[in-house]
Amino acid sequence: MRRLTMQQVQNADLILSGAQIATLGSALTGYGIIENGALAIADGKILWVGKATDLPAHIVAKQTLDCAGKWLLPGFIDCHTHLVFAGNRADEFEQRLTGVSYAEIAKRGGGIRRTMTATREANEKTLLALAKKRAKTLLRQGVTCIEVKSGYGLDTETELKLLRVARRLGKELPVTIRTTFLGAHALPPEFQDNADGYIDLVCEEMLPQAHAEGLVDAVDVFCEGIGFNLEQTRRVFETARSLGLPVKLHAEQLSNLGGSELAAEFGALSVDHIEFLDEAGVKAIGASGTVATLLPGAFYFLKETQKPPIALLRQYKVPMALATDFNPGSSPICQLPLMLNMGCTLFGLTPLEALQGVTLNSARALGLSDRLGSITVGKQADILLMDISHPNQLAYEFGIDYIEAMWRAGQPIKL
Ligand code: NIG
Ligand code: FE
């Protein structure tokens with residue numbers, strides 16, 4: 001027997017034993033299943049993971065939990081949401097059911113602008129309460145990290161207000177929040193027929209101020225016929241670059257403007273929606289290591305028929321993420337597990353691809369894959385304990401609460 005010195009002993013705060021583990025650590029190893037596994041957590045991070053029989057004797061736990069053969073998975077990550085807004089657009093939904101299109105509603109002054117008005121009128125407290133309810137809903141589904149975009153303020157004061165609310169969410173709930181500045185989401189009425197003037201405001205005032213207050217983790221633009229054109233998008237990206245901020249893009253959702261190629265040029269973290277992405281665009285994002293974020297909720301809700309080019313994305317080995325795009329206009333669906341199912345049924349993903357889409361690839365889409373997104377030693381211990389027979393079950397059926405326990409940064413989360 002080898003004698004252990006005090007120095008060799010490693011204290012774990014918690015050891016989860018007797019588990020099936022899906023580490024989801026790399027595209028190459030698929031689910032990364034470890035049967036009869038154990039996982040040690042120390043200081044909020046994963047200290048050790050492997051077969052229970054290989055757990056080194058020098059790792060000593062303050063507390064051990066027998067998982068009784070249930071599954072451990074990394075916490076889910078929703079890498080695209082518009083979580084902070086006031087009001088709803090149920091009446092526009094009714095209009096759409098009679099045949100009026102999303103683009104037509106936007107042209108008539110509805111859509112994003114409607115939500116802007118309600119959001120400008122709401123105070124920070126109200127917005128926080130609304131956003132908290134939504135974030136808690138995601139949390140209970142096993143979501144431990146949420147990206148939150150601004151974009152319903154469309155003036156400096158309100159855009160900053162939304163980002164502050166997002167930051168507060170991360171302080172008040174056990175969830176990692178990443179903020180994305182989306183000032184260039186739609187044209188506010190003050191700048192009717194003067195999109196370039198609005199982009200001046202975004203680049204010269206809004207974004208620099210939001211950044212100076214430490215409110216911005218990434219920068220996004222709605223690059224679309226009913227949004228902003230390529231030249232305007234480029235200007236926002238250049239401002240982001242000058243401030244050292246990474247970019248992402250709402251691209252190729254309703255048409256192909258070539259936004260993804262521009263995003264690739266700026267080394268974007270992700271391009272999102274991309275139903276109308278063509279091979280040249282796929283090639284470009286493949287070369288820049290940009291993640292393709294698929295948003296089946298918006299596809300479904302808008303009754304879109306053009307599907308994202310999944311086969312090409314596979315061919316060019318573009319990592320695919322899945323997210324809710326939760327927002328009041330195109331995806332009022334606060335359900336990340338449902339996106340796993342929709343990713344498979346609507347877009348033809350495999351259950352494994354879908355699961356990778358809400359874990360490691362979602363972390364990549366936020367530039368966080370070095371610390372979140374898989375059960376890997378050294379990463380933050382965001383862990384789900386699930387009563388399932390195999391992780392492929394998660395894309396197959398939804399609506400059932402499989403979560404028995406969850407931890408965020410090693411701390412148990414009360415469900
Ligand atoms: O991601 N495309 C732009 N933004 C949202 C929709 C916002 C809205 O309609 O309020 C989206 O689909
Ligand atoms: Fe969106």
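In each ligand, atom 1 is the first atom listed, and ligand 1 is the first ligand listed. Note that the structure is a prediction, hence the values are computed from the model and not measured.
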Nearest protein heavy atom with distance in Å, relative to [atom]:
atom                    : answer
atom 4 (N) of ligand 1  : His185 NE2, 2.8 Å
atom 9 (O) of ligand 1  : Tyr102 OH, 2.4 Å
atom 12 (O) of ligand 1 : Ser330 OG, 2.4 Å

Open item on the list: As a check for students: among Phe301, Phe85, Tyr152, identify the option with a heavy atom nearest to atom 7 (C) of ligand 1.
Closed with: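 Considering heavy atoms of Phe301, Phe85, Tyr152, the nearest to atom 7 (C) of ligand 1 sits in Tyr152.
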
Looking at [X], which atoms of ligand 1 are within less than 4.0 Å of one of its heavy atoms?
X      : value
Phe222 : 2 (N), 3 (C)
Ile112 : 7 (C), 8 (C), 9 (O), 10 (O)
His82  : 1 (O), 4 (N), 5 (C), 11 (C)
Asn327 : 5 (C), 6 (C), 7 (C), 8 (C), 9 (O), 10 (O), 11 (C), 12 (O)
His273 : 1 (O), 11 (C), 12 (O)
Gln253 : 2 (N), 12 (O)

Is it the case that over 12 heavy atoms from other parts of the model lie below 6.0 angstrom from the [atom1] atom of [X]?
X      : atom1 : value
Asn194 : CG    : yes
Phe191 : CZ    : yes
Glu35  : CD    : no
Asp43  : CG    : no
Lys133 : NZ    : no

Open item on the list: If I take atom CG from residue Asp196 and atom CG from residue Leu201, how far apart are they, to the nearest 0.5 angstrom?
Closed with: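 It is 13.0 Å, given to the nearest 0.5 Å.
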
- [ ] Could you tell me whether ligand 1 has any atom less than 4.0 Å away from a heavy atom of Glu224?
- [x]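 Per 4.0 Å heavy-atom rule, Glu224 does not contact ligand 1.
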
Open item on the list: What protein N/O/S atoms are there under 2.8 Å from the Fe ion (ligand 2), waters excluded?
Closed with: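 Less than 2.8 Å away from the Fe ion (ligand 2) sit His80 NE2, His82 NE2, His250 NE2, Asp325 OD1.
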
TODO: Before giving the answer on side chain to side chain contact (heavy atoms under 4.5 Å, CB included), spell out for Thr376 and Ile46 the whole-Å C-alpha distance, their side-chain angles and the decisive distance to 0.1 Å.
DONE: CA-CA 7 Å; Thr376 305; Ile46 297 165; 5.7 Å; no

Task: Check: His80/Asp325 side-chain N/O donor and acceptor closer than 3.5 Å - done: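 Yes, side-chain donor-acceptor contact under 3.5 Å.
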
Open item on the list: Side chains of Ser270 and Arg364: any donor to acceptor distance under 3.5 Å?
Closed with: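 Distance-only check fails for Arg364 and Ser270.
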
Open item on the list: Applying side chain to side chain contact (heavy atoms under 4.5 Å, CB included) to Val165 and Phe85, what does each step give before you reach the verdict?
Closed with: CA-CA 10 Å; Val165 167; Phe85 61 86; over 6 Å; no

- [ ] Using a strict cut-off of less than 4.0 Å between a Lys/Arg side-chain nitrogen and an Asp/Glu carboxylate oxygen, indicate whether Glu231 and Arg235 qualify as a salt bridge.
- [x]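 Looking at Glu231 and Arg235, the cut-off is not met.
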
Open item on the list: Check for me whether the distance between the ring centres of Phe301 and Tyr102 falls short of 6.0 Å.
Closed with: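 No, the ring of Phe301 stays outside the 6.0 Å limit from the ring of Tyr102, centre to centre.
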
Open item on the list: For ligand 1 and Asp325, I'd like to know whether there is a polar contact (N/O to N/O, distance under 3.5 Å).
Closed with: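 N/O-N/O distance under 3.5 Å: yes.
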
